[in-house]
Amino acid sequence: MPLLQFNDSGIFCEQANVYIDPWKKVDRAIITHAHADHSRWGMKHYLAHHMSIPVMKLRLGQDISVQGIEYGEKLIINGVEFSLHPAGHIPGSAQIRVSYKGETWVVSGDYKTEADGISTPFEPVKCNTFITECTFGLPVYHWKPQEEIFNEINLWWKKNKEEGLTTFITAYSLGKAQRVIKNIDASIGKIFTHGAVENTNEALRVGGLKLPETIRVERGMDKNQFKGSLVVAPPSAINSPWMKQFKPASLGIASGWMQLRGTRRRRAADRGFALSDHADWNGLLSAIKATEAETVITTHGYTNVFSKYLNEIGIRSMEEKTLFTGESIDSTEEDKLEGEAA
Amino acid sequence: MKDFAQLFNALDQTNSTLKKVAALKEYFDKSDDSDKLWTIAILSHKRPKRTVKTTFLRQWAAELGGIPDWLFEDAYHTVGDLAESIALIVPEAESSNSKSLSEWIDTIKSLDKAPDETKKNTILNAWNSMNTSERFVFNKLITGGFRMGVSQKLMTRALAQHTEIEESELAHRLMGNWEPSSTSFHELIYSKDSAADLSKPYPFYLAYQLEGEPQELGNTKDWFAERKWDGIRGQLIVRGGELFVWSRGEELVTDRFPEFEPLKEILPDGTVLDGEIIPIKDGHPLPFGLMQKRIGRKTVSKKILEEVPIHLIAYDLLEHNDKDLRQEPMHKRRELLEDLLSQRKFERLLLSELVDFNDWQDLAEVREHSREHFCEGLMLKRKDSAYQVGRKKGDWWKWKVDPLVIDAVMIYAQKGHGRRANLYTDFTFAVWDGEQLVPFTKAYSGLTDAEMRQVDSFVKKNTIDRFGPVRSVTPELVFEIAFEGINESTRHKSGVALRFPRISRWRKDKPKEEANTLEDLKGLLKTYPR
Ligand SMILES: [Zn+2]
Ligand SMILES: [Zn+2]
């Protein structure tokens with residue numbers, strides 16, 4: 001019996017009777033990170049990195065039963081050793097190391113290899129079997145260093161300000177939004193936030209994250225102050241009635257999918273910034289090699305192509321179906337949830 | 001090249017026509033003549049001759065990216081654009097360059113007869129000195145198919161601002177058979193009558209589809225109505241004893257239609273006709289497919305001349321005895337046209353007859369019967385209208401019949417291109433033949449963005465099998481397919497071929513069992529014979 005198996009409810013460790021990122025209701029769940037497709041409602045007990053807890057409570061309810069631990073802290077359940085390791089995806093995101101009788105598996109959750117200024121940077125963990133996402137597992141995805149992208153964003157904001165426009169940028173309310181707020185040049189102007197973003201900011205600030213000052217957009221605000229300012233909102237805000245109050249505005253989207261011209265054009269945004277919280281092609285390959293895993297299981301993304309390639313370069317690999325959705329600029333559960341929070 | 005790539009990005013990053021024109025003007029203002037000339041050429045869909053095969057480009061890019069060919073192909077299907085795929089796969093450049101657009105084009109042209117090894121070295125060095133957007137633009141220059149999101153009209157407007165020459169005057173100068181390699185910016189824009197002017201067509205006046213009710217057009221007495229034929233819009237020019245035939249796509253197609261040759265003697269010098277080029281046999285127009293077959297051939301055989309006899313149905317006279325008539329009212333041009341055709345008779349040259357009508361109700365009736373007359377509908381033209389430049393609202397309207405529709409089941413899907421890249425949006429549809437689903441057409445456009453995403457996720461979850469980039473999908477979703485015409489076809493399993501098929505709506509209300517049948521399709525074939 002493999003140490004971890006994929007069943008109807010999630011990634012299951014039978015020996016410990018524990019699930020990782022389950023999508024159906026189970027008794028005990030270890031959560032890689034607080035994004036909606038990995039951290040779902042209805043589990044009896046949750047375990048996650050302590051930084052994830054305020055956000056999980058915000059999203060799943062204050063009354064959930066959840067235990068927080070640190071990176072590297074060991075937890076033994078029925079002889080199986082569990083520990084969390086930085087995934088660099090969003091604050092609190094973790095890879096989960098599972099070890100039993102000398103065999104080690106690691107579940108990556110979502111990860112990226114570049115340091116983003118808000119998450120503890122990714123650390124590879126040696127293992128026998130690595131379960132990896134491959135949202136951007138095609139050789140056309142190569143991210144520019146984030147410094148370059150933020151230079152572009154800053155220039156765009158400055159230019160908009162000169163032209164008397166509001167700069168409206170969409171980013172996931174958990175992770176991407178804070179990454180933008182943290183790394184952008186906050187001296188250019190004021191930063192306003194959509195409710196879903198500000199709620200998450202608050203939760204993360206409780207957890208200890210330091211961010212520049214942000215102002216929640218509220219009903220009846222003086223619209224003149226938006227002019228020249230930055231507004232950070234989730235993707236679901238695009239074309240919403242809520243967005244109208246910021247006109248005239250320039251719309252930018254921060255997402256890895258903006259790497260492709262077709263997606264940029266389809267979204268009809270003024271600017272697309274290929275800024276992703278997932279590893280790019282080289283990031284995935286270097287991370288996988290660093291684990292020294294003999295077997296790699298691919299979950300969300302271009303699983304089929306990516307596994308085929310890994311096999312060709314001599315790394316045994318297969319795909320598994322999960323309900324993880326990866327980064328999507330289109331309508332997803334993450335988005336729906338944010339829509340409700342708006 | 002940096003400037004050109006920047007221009008490209010600026011055009012790509014905005015939907016505002018105002019900003020596009022401003023970006024173009026700024027570019028024209030700072031560029032030298034040869035770069036300006038090439039930019040105009042590229043925006044007019046002229047490009048340097050292809051000197052490097054795309055199969056080589058793929059191989060080299062895969063090699064540099066350190067990936068197997070199959071992975072390159074797979075990535076390409078996701079990106080939906082070869083030039084872009086290469087630009088993204090090739091590793092980041094180690095240097096930069098300051099060559100201009102026209103210098104790079106010279107480099108590309110110089111590769112024409114070069115040995116493969118030279119081609120490879122040149123291209124690899126080029127890639128290694130360019131950022132991603134420069135590379136993309138450079139690859140597009142080689143592969144062609146450059147779409148910069150700027151119409152001829154916008155380009156002409158920007159150029160008018162740059163040169164301070166009037167827009168319609170410029171539009172005319174930019175028409176026709178000029179080649180960037182054999183002219184200069186100055187000659188193209190400023191010199192008056194060069195030899196090329198003999199063949200130069202006028203910019204076509206294009207009509208919009210009538211959206212509202214024709215009653216809104218006012219008094220019927222102010223309007224001409226003609227049939228709208230399903231051929232190729234063309235201009236036939238006789239000047240200096242020579243004949244030139246232009247298609248609307250600004251292609252010189254004189255050689256494709258030797259039937260018109262005698263007209264250079266029949267029509268007086270200084271004549272320009274606007275009309276529909278269309279095959280007619282036994283008094284009936286032939287299916288458009290046959291026309292396409294003819295156009296596709298470089299040499300026209302005797303057999304095809306007999307099978308697909310071409311005619312021109314003339315509906316406008318733009319130049320008469322060397323005089324530009326475009327500002328004259330339509331009724332005047334029409335009168336001159338009728339006179340001309342009655343004096344200079346030729347069996348291949350027909351007059352577009354006016355449709356008689358007393359009120360709009362009458363005309364609506366006539367329109368309903370268009371298919372029986374092998375027409376797409378009607379054209380409405382204001383009697384006192386001038387012949388304008390480009391697509392303009394108000395004086396000319398096309399009033400097409402409603403399309404034919406059929407409900408079909410989606411059975412195969414493939415990722416799209418351009419705006420639809422990385423989404424399963426190109427579908428094959430089938431109708432029932434007993435218990436079997438028989439594919440009969442492909443279609444893509446017509447869904448909203450939200451629907452596209454839903455169908456994409458359906459395809460991913462319901463894939464039965466993969467054949468290269470194509471996935472076979474659990475037959476379940478039903479769509480209404482609209483099309484303009486239907487012909488018999490031996491090339492298709494279903495025995496029919498559709499004209500302009502597109503998705504008109506997603507029939508979420510219909511289970512797959514209620515989709516139409518092959519018999520229904522063949523019924524349409526009988527009702528609307530071609
Ligand atoms: Zn995530
Ligand atoms: Zn994920």
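Letters A, B, ... are given to chains in the order of the sequence lines, protein chains preceding strands, and every chain is numbered from 1.
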Heavy-atom pairs under 4.5 Å with chain A: which of [options] has the most?
{"options": "I86(B), D74(B), T14(B)", "answer": "D74(B)"}
{"options": "S85(B), S457(B), P91(B), P68(B)", "answer": "P68(B)"}
{"options": "D12(B), I67(B), V90(B), D81(B)", "answer": "D12(B)"}

Relative to chain A, which segment of [X] carries a heavy atom at a distance below 4.5 Å: side chain, backbone, both, or neither?
{"X": "N9(B)", "result": "neither"}
{"X": "Q13(B)", "result": "both"}
{"X": "K460(B)", "result": "neither"}
{"X": "F72(B)", "result": "neither"}

Toward chain B, the part of [X] with a non-hydrogen atom under 4.5 Å:
{"X": "K308(A)", "value": "both"}
{"X": "L260(A)", "value": "both"}
{"X": "Q259(A)", "value": "both"}
{"X": "N304(A)", "value": "side chain"}

Within 6.0 angstrom of K442(B) NZ, more than 12 heavy atoms from elsewhere: no
Row check, W156(A) ring normal vs K159(A) NZ/CZ: under 6.0 Å, within 45°: no
Taking the side chain as C-beta and beyond, is there a heavy-atom pair between [X] and [Y] under 4.5 Å?
{"X": "K161(A)", "Y": "T167(A)", "value": "no"}
{"X": "L64(B)", "Y": "I89(B)", "value": "no"}
{"X": "F467(B)", "Y": "S472(B)", "value": "yes"}

Salt bridge present between E84(B) and K140(B) (N-O < 4.0 angstrom): no
Euclidean distance, F146(B) CZ relative to H45(B) NE2, rounded to 0.5 Å: 11.5 Å
Centroid-centroid distance, F4(B) to W104(B), less than 6.0 Å: no
Largest heavy-atom contact set with chain B, pairs under 4.5 Å, which of N282(A), V305(A), I313(A), L138(A): V305(A)
